[in-house]
Amino acid sequence: MLNSKRLVLAHFWLAFVVFGLALLLGEWQMFVRSPLNPWISNSELYYRSVTAHGSAMGYVFPTLIAMGFGYAITEFALKKPLIGRRWAWAGLALVAVGAATAMIPVSLGLASILYTFYPPMIANPFFYIGVVLVVVGSWIWVALMSINMAAWKRDNPGKPVPLAMFANVAGAYLWGWTAVGAAIEVLVLILPVALGLRSTIDAGLSRVFFSWTLHAIVYFWLMPTYIAYYTIFPRAIGGRLYSDEMARIAFILFVVVAMPIGVHHLFADPQVGAGFKFIQSVFTAMVALPTLVTIFTICASAELAGRLRGGRGPFGWVAALPWGNPMMLAVTFSFVMLGFGGAGGLINMSYQLDASIHNTQWITGHFHLIFAGAIVIMYFAIAYDLWPHLTGRALDSVRLMKAQLWLWFVGMIVTTFPWHYVGILGMPRRMASYDYTNPAIAPQALSVSISVFGGLLLVISGYLFFAVLIRGHRAPQTDPGVYRFSVAVHEPVRLPAALNGFALWLVLMIGLTVVNYGFPIAQLLALKGNAVPAVYVGAAR
Ligand code: HEM
């Protein structure tokens with residue numbers, strides 16, 4: 001029984017409305033930079049749009065999904081009302097007000113600095129204040145997740161925390177800590193300049209703080225997806241989770257190794273030494289571990305489901321899987337995109353190979369394939385799974401759901417594969433227009449046009465998604481029954497403290513951050529004369 005239905009629905013709907021608007025901006029960007037459109041007359045409009053699209057998709061949308069899903073998990077998994085519901089509403093209000101506060105200067109052309117802030121460019125202070133409010137709103141969620149788990153553990157001494165809640169809290173802690181980097185950057189380094197108290201900024205140091213946030217944020221985006229793989233997918237396809245403990249280890253690994261790796265975003269920046277770049281490159285390789293554990297465990301869980309459904313022989317279980325089930329389809333597509341995106345990521349994480357694709361369209365292709373593809377397709381699946389429990393109405397447009405998921409998958413491949421290709425040919429990212437009459441660029445024209453078509457498929461899919469949800473609100477009332485998470489083959493009866501809590505792992509997470517970031521930050525702080533004049537964007541001041 002969910003007591004906080006309205007709270008969860010409010011988070012999901014706000015997230016999806018933001019997503020729907022930003023999706024249109026994405027397709028507009030794709031169109032104006034393609035040969036199908038003459039050069040954009042005012043390229044600043046392009047950067048305005050990319051800032052809005054990137055900030056909405058990168059900060060607001062996934063944060064709201066993680067928060068809403070987290071509240072639902074808390075009540076479903078712990079089987080008790082959420083502690084601090086009023087605070088949760090306050091957190092949502094902060095995110096909403098923050099998003100609006102940030103977007104107003106963006107839409108006025110006073111903050112076209114992209115979602116990575118890009119100092120020494122400086123935007124209108126309200127852009128940063130808005131981002132800070134979004135983060136503070138999400139920190140309320142982090143605190144609530146921790147408080148709810150602690151209260152449950154007090155009431156149930158020695159019992160294993162339900163896996164979904166354990167994973168949810170892992171995501172919350174990871175976000176709570178990783179957001180600190182950008183918070184320091186904004187509050188200490190950027191805002192004083194934006195407010196006119198200083199006129200120079202140490203751009204190198206700022207970017208190091210941002211990289212602290214920039215990579216682990218990806219794993220924060222990914223957490224709801226992984227939680228769904230482990231705790232919804234096996235149940236939805238009629239199987240069992242292969243191993244509860246493996247799942248816990250995967251989430252713990254994310255908490256520990258996702259943080260101290262962000263310097264791989266600075267491979268081409270001069271302010272961090274080669275040694276620390278190499279160390280963080282190695283740590284980046286380690287973050288593949290939890291994903292490999294996950295792929296193994298989820299495939300094993302799928303095999304169990306296939307065999308329980310009567311599949312025989314080495315491959316008969318694959319045919320026996322419920323391919324008509326939207327969750328089955330979503331996870332399959334998600335895995336395929338994760339596979340391609342992960343393979344591309346091997347190039348990005350390598351200190352040497354990265355040089356060949358650095359700041360090219362390859363990067364845009366890579367993160368859209370992983371984030372907008374593998375991750376977001378599971379956000380759809382999560383909504384489909386939860387909706388009847390949130391609305392008390394059946395979600396019966398299964399054909400529409402399948403069409404929507406297929407379109408998202410095909411659209412994402414058609415959009416991002418050509419991006420990877422033109423990236424290899426050297427097309428830079430974050431450019432408003434390209435001269436396709438130039439013989440050096442002409443061969444990229446066809447690929448970019450194909451991407452525009454892929455984007456169109458994505459827009460259609462995005463709006464089909466809305467159609468499914470809205471139809472769900474209008475469907476006849478039904479009793480969806482008790483919400484269930486997947487059950488493991490061997491449900492743990494007792495667990496070692498390390499698999500049932502985070503004390504040790506938080507120490508490691510913070511310790512590794514200090515080891516991997518302490519020296520570069522201290523060195524930059526000690527060096528004098530690094531600050532450069534701020535470049536105010538638009539009429540930012
Ligand atoms: C119709 C679908 C979409 C299209 C056509 C699209 C297109 C684009 C384009 C053209 C850019 C600018 C790239 C550049 O100038 O280098 C961009 C940036 C970005 N997109 Fe999308 N996008 C779509 C959906 C999404 C989704 C669903 C997400 C995530 C949920 C997303 C996240 C981002 C982010 C974070 C950026 C900022 C990148 C930067 O500042 O370099 N996009 N997108």
Side-chain angles (χ1 to χ4, degrees), residues 15-16 18-34 36-37 40 43-66 106 111-118 121 210 213-215 217-218 220-222 224-225 265 334 337 341 357-380 404 407-420 422-423 427-434 444 447-465:
F16 291 134
V18 168
F19 158 81
L21 295 173
L23 194 61
L24 296 177
L25 292 180
E27 179 57 355
W28 178 78
Q29 289 155 205
M30 207 51 244
F31 176 67
V32 293
R33 53 188 289 163
S34 78
L36 306 176
N37 185 61
I40 182 166
S43 55
E44 192 274 325
L45 285 178
Y46 182 81
Y47 297 108
R48 219 182 271 200
S49 177
V50 179
T51 307
H53 172 83
S55 308
M57 293 297 204
Y59 298 136
V60 186
F61 171 48
T63 303
L64 285 168
I65 294 287
V106 173
S112 305
I113 54 164
L114 310 184
Y115 89 124
T116 40
F117 306 162
Y118 250 168
M121 288 204 293
F210 192 77
T213 299
L214 185 57
H215 203 73
I217 197 175
V218 174
F220 166 61
W221 296 337
L222 190 136
T225 294
H265 289 269
S334 180
M337 291 189 276
I357 43 85
H358 180 76
N359 260 348
T360 66
Q361 268 315 112
W362 167 285
I363 301 298
T364 320
H366 167 73
F367 73 75
H368 277 82
L369 193 53
I370 296 257
F371 178 23
I375 294 177
V376 170
I377 204 164
M378 289 304 298
Y379 290 179
F380 300 144
Q404 187 267 324
L407 267 178
W408 193 260
F409 171 65
V410 174
M412 201 47 80
I413 299 288
V414 176
T415 307
T416 57
F417 277 33
W419 279 355
H420 281 86
V422 294
M427 176 180 263
R429 68 187 281 206
R430 293 177 159 175
M431 296 262 295
S433 32
Y434 300 85
Q444 301 169 5
S447 305
V448 178
S449 308
I450 294 174
S451 286
V452 180
F453 174 66
L456 196 63
L457 298 182
L458 292 171
V459 171
I460 298 172
S461 167
Y463 283 82
L464 271 184
F465 173 66

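Counting starts at 1 for both ligands and their atoms, following the listed order. Throughout, residue positions are numbered sequentially from 1 according to the sequence presented.
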Among all protein heavy atoms, pick the one closest to atom 34 (C) of ligand 1 and tell me residue, atom and distance.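 Residue, atom and distance for the closest contact: Phe367 CE1, 3.5 Å.
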To which protein heavy atom is atom 16 (O) of ligand 1 closest, and what is the distance rounded to 0.1 Å?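 It is Arg430 N, 2.5 Å.
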Can an N or O of Arg33 be found at a distance shorter than 3.5 Å from an N or O of ligand 1?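 Arg33 vs ligand 1: N/O contact under 3.5 Å present.
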Mind running side chain to side chain contact (heavy atoms under 4.5 Å, CB included) on Val376 and Trp408 for me, showing each step along the way? CA-CA 9 Å; Val376 170; Trp408 193 260; 4.0 Å; yes
Numbering as shown, the atoms of ligand 1 that approach [X] to under 4.0 Å (heavy-atom distance):
X      : answer
Gln361 : 16 (O)
Glu27  : 5 (C)
Tyr46  : 10 (C), 12 (C), 13 (C), 14 (C), 15 (O)

What part of Tyr47, side chain, backbone, both or neither, has a heavy atom within less than 4.0 angstrom of ligand 1?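 Near ligand 1, Tyr47 shows nothing, with every heavy atom at 4.0 Å or more.
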Yes or no: does Val376 have any heavy atom under 4.0 Å from an atom of ligand 1?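 Checking ligand 1 against Val376, which is what was asked, there is a heavy-atom contact under 4.0 Å.
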Phe31 near ligand 1 by a heavy-atom separation under 4.0 Å: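 Distance cut 4.0 Å: Phe31 fails for ligand 1.
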Any side-chain to backbone donor/acceptor pair from Ser34 onto Ser449? Under 3.5 Å, distance only.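 Such a contact is absent between Ser34 side chain and Ser449 backbone.
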Main-chain N/O of Leu457 paired to Ser461 side chain as donor or acceptor, under 3.5 Å: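 Such a contact is absent between Ser461 side chain and Leu457 backbone.
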Angle between ring planes, Trp221 versus Phe371, binned at 30° and 60°: parallel, tilted or perpendicular?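 Ring orientation of Trp221 relative to Phe371: parallel.
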Can you classify the ring geometry of His53 versus His368 as parallel (below 30°), tilted (30 to 60°) or perpendicular (above 60°)?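 The arrangement is parallel - the two ring planes meet at less than 30°.
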Pair listing, salt bridge (Lys or Arg N to Asp or Glu O under 4.0 Å) test, anchored in residues 55-65, at least two apart: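 Every candidate salt bridge (Lys or Arg N to Asp or Glu O under 4.0 Å) pair involving residues 55-65 fails, so no pair, neighbours aside, qualifies.
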Which residues pass the ring pair (Phe, Tyr, Trp, His ring centres under 6.0 Å) test with Tyr115, not counting sequence neighbours?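 If we apply the ring pair (Phe, Tyr, Trp, His ring centres under 6.0 Å) test to Tyr115, skipping adjacent residues, the hits are Tyr59.
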Once side chain to side chain donor-acceptor pair (under 3.5 Å) is applied, what residue pairs with a partner in residues 22-33 remain, sequence neighbours excluded?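 Side chain to side chain donor-acceptor pair (under 3.5 Å) check on residues 22-33 returns Gln29-Ser49, Arg33-Tyr46, Arg33-Gln361, Arg33-Tyr434.
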Could you tell me the separation between the OG1 atom of Thr116 and the CZ atom of Arg430, rounded to the nearest 0.5 Å?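 Taking OG1 in Thr116 and CZ in Arg430, the distance rounds to 3.5 Å.
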Side chains of His366 and Thr416: closer than 4.5 Å at any heavy-atom pair?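 SC-SC contact between His366 and Thr416 ruled out.
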So, at under 2.8 Å, which protein N, O or S atoms would a careful student list around atom 21 (Fe) of ligand 1?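 Listed by chain and number, the atoms are His53 NE2, His368 NE2.
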